[in-house]
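Here the structure comes first, spelled out in structure tokens, and everything after it is commentary.
Excluded from the calculations below are hydrogen atoms, water molecules and symmetry mates; all remaining heavy atoms, backbone and side chain alike, are included. Residue numbers start at 1 and run along the sequence shown.
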Amino acid sequence: QVQLVESGGGLVQAGGSLRLSCAASGRTFFSAYNMGWFRQAPGKVREFVAAIDWIGSNTYYSDSVKGRFTISRDSAKNTIYLQMNSLKPEDTAVYYCAAEKAGGGWAPVVPGDYDYWGQGTQVTVSS
């Protein structure tokens, strides 16, 4: 079992930057999990943001954040990050960290493919 705890959310002005962290703990190797970031605004469905595979060689981004957000992982710290630059008001949402146990097929953009989820951290971007 894996526990995920997000942090780093807050209130920023449009054009600003923020870095989210997701700390993972559990009995299994953190490096054996593909990781993703999703977000959900009130009244909207959960939206894929970014993902990184278990060895950190491949990254995936939604079109809406490509070029502005960067996902990374630090296996030594059991942590993944989401660096968010050039933030826009439409980025406002609760951001969730998710983990998918590697070994089978994985569709990074599909929430149902992930096995574990954090509780989320609020990101609010003011205009």
Y61 and V125: same hydrophobic cluster, using ILVMFWY side-chain contacts below 4.5 Å? yes

Evaluate ring-ring contact (aromatic ring centres under 6.0 Å, His included) for W37 paired with Y81, printing each intermediate quantity in order. CA-CA 9 Å; W37 286 99; Y81 304 93; 9.0 Å; no

Interatomic distance, CD@Q83 vs CG@L18, rounded to 0.5 Å, equals 8.0 Å

Rounded to the nearest 0.5 Å, how far apart are CE of M35 and CD1 of I80? 4.0 Å

I'd like to know if the side chain of S57 and the backbone of I55 have a donor-acceptor N/O pair within less than 3.5 Å. no

Counting N and O atoms only, with roles assigned by atom type, does the side chain of D115 sit under 3.5 Å from a partner on the main chain of K101, one being a donor and the other an acceptor? yes

Using a 4.5 Å cut-off on heavy atoms from C-beta on, say whether the side chain of L20 contacts that of T121. yes

Taken in chain and number order and not counting sequence neighbours, the residues that satisfy side-chain contact (heavy atoms from CB on, under 4.5 Å) with A98 are F38, Y114, W117

CZ on R19 to OG1 on T70, rounded to 0.5 Å: 11.5 Å

Side-chain heavy atoms nearer than 4.5 Å, only ILVMFWY residues, links allowed to pass through others: does that put V12 and V65 together? yes

Taking all heavy atoms of R39 and all of S64, pick out the closest pair and write down the distance. NH2-OG, 3.5 Å

Quick check: does any side chain N or O of Q40 sit under 3.5 Å from a backbone N or O of A93, one acting as donor and the other as acceptor? no

Could you check whether any side-chain heavy atom of S127 comes within less than 4.5 Å of a side-chain heavy atom of E90, counting everything from C-beta outward? no

Could you label the plane-to-plane angle of the Y95 and F69 rings as parallel, tilted or perpendicular, counting under 30° as parallel and over 60° as perpendicular? tilted

Is the number of heavy atoms from other residues, nucleotides or ligands within 6.0 Å of CD (Q122) greater than 12? yes

State the CD1-CD1 distance between I71 and I52, to the nearest 0.5 angstrom. 5.5 Å

Where K77 and T79 come nearest, the two heavy atoms and their spacing: O-OG1, 2.8 Å

Following the transitive rule for hydrophobic clusters with a side-chain heavy-atom cut-off under 4.5 Å over Ile, Leu, Val, Met, Phe, Trp and Tyr, establish whether Y60 and Y33 coincide in one cluster. no

Could you see if Y96 belongs to whatever hydrophobic cluster contains Y116? Use Ile, Leu, Val, Met, Phe, Trp, Tyr and a side-chain cutoff under 4.5 Å. no

State which residues pass salt bridge (charged side-chain N to carboxylate O under 4.0 Å, His left out) with R68; sequence neighbours excluded, sorted by chain then number. D91

Taking all non-hydrogen atoms of both residues into account, name the closest pair between G120 and E6 and its distance. N-OE1, 2.8 Å

N34 side chain to W54 backbone, donor-acceptor under 3.5 Å: yes

Heavy-atom side-chain contact between V49 and L82 under 4.5 Å: yes

Can you get from W106 to F48 by hopping between Ile, Leu, Val, Met, Phe, Trp and Tyr side chains that sit under 4.5 Å apart? yes

Contact check, side chains of N85 and L87, non-hydrogen atoms, under 4.5 Å: no

Quick one: pull up CD in Q119 and OG in S7 and give me the separation to the nearest 0.5 Å. 10.0 Å

